[in-house]
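Let me begin by presenting the structure, written as structure tokens, before commenting on it.
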Amino acid sequence: MEKRYDHQTIEKKWQAAWESGKVWEAGEKKGTPKFYVLDMFPYPSAQGLHVGHPEGYTASDIEARYLRMRGYDVLHPMGFDSFGLPAENFAIKTGTHPAATTIKNIKAMRAQIKRLGFSYDWSREVITSDPAYYRWTQWIFVQLFKRGLAYEADAPINWCPSCKTGLANEEVVDGKCERCGTGVTKKQIKQWLVKITDERYIERLQNDLDQLDWPESIKLLQKNWIGRSEGAEVDFAVAGSTKKKKLAVIVHGSPSQAGYPDPTVQHWLPWMAVQLERMGFHVAVPALPRANAPVYGEWKRAFEKSIKGFEIDEDAVLIGHSAGTSFLVRYLSEQKKKVSRLVLVAPSKVVVSADSEHHQRLRELYNFKAQYGIADKVLVLYSADDKESVSVTAKFYKDFYKADVQQFADRGHFTAKDGVRELPEALKWIRAGICGPISEVVRVFTTRPDTLFGATYLVLSPEHPLVSRITTLEQKKEVDAYVHKAAAKSDLERTDLAKQKTGVFTGAYAANPVNNAQIPIWIADYVLASYGTGAIMAVPAHDERDFEFATKFNLAIIQVIKQPGVMPPRALESFASPAAAGHQQSDLESKCWTGDGTMVHSGEYDGMDSVEFKKKITAWLEKNGKGKASVNYKLRDWLFSRQRYWGEPIPVVHCEKCGQVAVPEKQLPVKLPNVKKYKPTGTGESPLAAITKWVHTKCPVCGGKAQRETNTMPQWAGSNWYWLRYCDPHNGKKLADPKKLKAWLPVDLYVGGAEHAVLHLLYARFIYKFLCDINVIPSEVIEKYGDEPFKKLKNQGLILGEDGVKMSKSRGNVINPDDVVERYGADTLRMYEMFMGPFEDKKPWSTEGIKGVSRFLNKLWNVAGRVQAVSVPETLERYRHRMVKKITDDIESFSFNTAVSTFMQAVNTLHTGTVVPAPFLETLLVILSPFAPHIAEELWQRLGHAKSIAYEKWPQYDEKALKAEKVTIVVQVNGKVRDTIIASADATEENVKKTALMQDKIKKYIARTPKKIIFVKNRLINFVV
RNA sequence: GCCGCCGUGGUGGAACUGGUAUACACGAGGGACUUAAAAUCCCUUGGGGGCAACCCCGUGUCGGUUCGAUUCCGACCGGCGGCACCA
């Protein structure tokens, strides 16, 4: 046998053998349990593989190979996340098409990865920039859009004035453009957003974290990012406004079946109710009886009951949906009442002969004559793709009432099924029609309703809609100036913590709902418009920020919670010295106490515990209609459009008549067209906007003139769902065959960097939940595993340069994995990266350290050369069992560094020993093969085995054989080690004691009979004297 | 500021559930082989004291709990990561 093992020849040989033998293809073992081991797929960069990549890939490969040997059918795929900025930047510089660059980089990187001997099933490779793949990325977007979860809004984005392009948050470093270092400003541009904050998802995204086997730190990071806060919304009536609240009623339609979920919380109704409440309306959403077969008289009674205390008068706003519209028109016509605004959504008043049995049932309700003058203004909303009876009715109202009409293309019957959860158009119409102050109420959000008695002023954000309405004439100038200044400030300026708080008084006052105290209303930019209600109640005695503000502007500070365990300053003075009374200086009451305690200055509630009072006061607010319990989140909607070329085109067409229309699924993918110039146009549009031929298209609905959306999707779009495609990568009809998804989902183990904690991992969870909801993920998977995509997550730690700093070209501390493989081989690189330290810790590279692993593999090679066909001696046999157990446990717990050390010890043992028994060596090779597969295969073959070691069963160990015959027992006197003795395993306390006391070393320390003896079996005996 | 994680030899790190602190590896020193170097092999290697047997100290610092603490508790110091006026 050769003196040194030739890694170059051996590794090439086995990589070829695995590939031609299709050893790693998944789905081959019928009837065995599945296991899905996933790596975070790389971006194919021109720099190629970084030494950080093989760290995670080796760990997952060890797990995959181990599990195959344990009999699992393992899915272990790899692919490329190939849309992204670097390829585009390269294109801007050189004019090379990003597709060409990408293909080149993928080729190079794939070869690099293959040289490391990972057991990937390459037949399943996915590439996100491949049209066959992004067709489905776009398809998912269309599904989101159809359900109202993707929407366009005027959003302020990060804007680099030098590069003339919008930037993602992750491209802004310390407020500067990552590329050119220019200060980033805000620009208001139409943007696509994905509604990750939707009530149907945000709660689940937060709560489901608890059930995941993920690092606690990552779960916490996500929790903080989502930022759930529980508290209450409280209404403060603005002083001097005595007008009573106006009424708004929303009337649901007639669902087709009885027993259908409560129609009052369906579709866009809850959303509308919240919006109207915010405008200051008293909102009623009556649940009408026998909704699926309405009888007018019954509905009338229920309707009137629901608005008791209020009147249908000329200030009222009524909104109806479907059959509800008929009810409202009939009610107003027959009662001869007039309201201010009447909104009719998907109205129906007629039954067309083709209509279903359910529609026939509505004849009773429809049997009336509409009268003129029932509303000041009428709005009708309907969609072209709804039933004929709806458009007929809509046209009737249009002519009869001269109603405003808004026609849509694809909203169906305006139900949740049609993806309609909001009706901003209707809200805008209502808002526009109503002049003057409609609300005399400032609604605030607070997590501390228990401090309500201590609220001494209110603060609105400068953008708050109420600001201009409540500001007094005297204060107008000052307020306008402040609002103007705030608008001009950058985010960085506004959120700079070091800066002094600023603000102005509006001149208005509001009444504290608990005691009617009149408190001033201020505006200040430390209150954010985008969080909660955009307004706060300030409690300077118990909030640091309010305290700072109140001190600066000389506002009242009222203490309402007494800090527990401290003495009020005056009480303290009566003691001779604080220390004598058991109190230190720090026990003095702090100026601003933000913790819990006992209520003071809170009327009848004085003396109550603040935690208890919080619940009490929330219930009180609710009962008296002055507020309610409420939950808020820090998470914002997900900005989903980029003004870039190299990304998935957003599959939407803008039609002059129909508005935004999703590209029909049959026409997907919307292929990325070829452009000559990749540079942004300067207007904030994507380079795609310059291709007029591509931009101008026909509307898929009406066939009229339309323009394509020119923004592309962000990097995260492709990685949101790629692990689903691995299950069925070549499917041309569906995203993936449900049978195949059922066979593999969910991912059992996901390995990758922690830097994705709140981006990729949050988005991926959201998209997966969405796909579960729309039945893309088979229900069997959801029933069995829930709607989380990744059961277990492991984060690899960063590999730093030798100097202990992050590797970077500019520092010149980058290690190229190719060089390492060339010199030491893939097995050495794999094992070294596992040996460096705990998998999840960051650790520095050491060019000296890797030699140790290289020496170890050579030593193994030489030891194997001395192998003899003899049976294993007993001590070595026991060692073999211990070794198998240790390696098994270490793989299960991701403790690869100690596993490598165990291998080293085993080889050292063989090295110093006289014989190398073949059965021992064989076991060693089998359990080593997941770590160093090439050398293991080669030596395995040289031992005379014809089949790949990959097909070997993972060895068992015998618990009994683990026990040593003799054990070393530590003898302590007063807890200090004084001696050790060898005893037989499981020796009794009596025997150990006797032997121990006979030792000279021990006698020396023990003069009298020990007071106490502590005995731990097989471990130690401790004499206390 | 808030939240989380981490402090062990010259270095990377090990130590099960509170039970011999420093496994394994690197580096360093000494030796063997060699004309020499590389490679390989053997020995030593936490600090201090002692000729030696052996003794004392030692896991960021200071306290506590315990027969016994790297491990549990409290305070502090230092480092890393995240969030950043989120009411």
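In what follows, chains carry the letters A, B, and so on, assigned in the order in which the sequence lines appear, proteins first and then strands, with residues in each chain numbered from 1. No experiment lies behind these values; they were computed from the predicted model shown.
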May I ask you to say what [X] touches in the nucleic acid, namely base, sugar-phosphate or nothing, with a heavy-atom cut-off under 4.0 Å?
X: T968(A); answer: base
X: N897(A); answer: sugar-phosphate
X: F896(A); answer: nothing
X: N862(A); answer: nothing
X: F835(A); answer: base
X: Q972(A); answer: base
X: H542(A); answer: nothing
X: K859(A); answer: sugar-phosphate
X: K1001(A); answer: sugar-phosphate
X: V1016(A); answer: base
X: V970(A); answer: base
X: L1020(A); answer: base
X: R978(A); answer: sugar-phosphate

Hey, what's the ring geometry for [X] with [Y], parallel, tilted or perpendicular (30° and 60° as the breaks)?
X: F839(A); Y: F896(A); value: perpendicular
X: F553(A); Y: W522(A); value: tilted
X: W638(A); Y: Y763(A); value: parallel

Quiz item: Do the charged groups of K1004(A) and D1000(A) touch, with an N to O distance under 4.0 Å?
Solution: no
Self-check item: Cationic N near anionic O, under 4.0 Å, K842(A) to E55(A)
Solution: no
Quiz prompt | A39(B): pairing nucleotide in any strand, Watson-Crick or G-U under 3.5 angstrom | solution = none
Quiz prompt | Strand partner of G27(B), provided both Watson-Crick or wobble distances fall under 3.5 Å | solution = U45(B)
Which of the following nucleotides, [options], is nearest to the side chain of [X]?
X: R855(A); options: U40(B), G4(B), A87(B); value: U40(B)
X: L220(A); options: C42(B), G4(B), A87(B); value: G4(B)
X: K634(A); options: C55(B), C83(B), C26(B); value: C83(B)
X: F445(A); options: U20(B), C57(B), A87(B); value: A87(B)

Rounding to an integer number of angstrom, what distance separates [N] and [M] when you compare their [atom1] atoms?
N: A52(B); M: C42(B); atom1: C1'; answer: 26 Å
N: A28(B); M: G19(B); atom1: C1'; answer: 34 Å
N: A37(B); M: C57(B); atom1: C1'; answer: 44 Å
N: G60(B); M: G9(B); atom1: P; answer: 8 Å
N: A15(B); M: A23(B); atom1: P; answer: 13 Å

Taking only N and O in the side chain of [X], is any of them less than 4.0 Å away from OP1 or OP2 of [N]?
X: R1019(A); N: G68(B); value: no
X: H911(A); N: U40(B); value: no
X: S229(A); N: A87(B); value: yes

Quiz item: Can you find an N or O donor on one side and an acceptor on the other, under 3.5 Å apart, linking the side chain of K501(A) with the base of C85(B)?
Solution: yes
Exercise. Classify the side-chain pair N632(A)/S229(A) by whether it contains a donor and acceptor separated by less than 3.5 Å.
Key: no
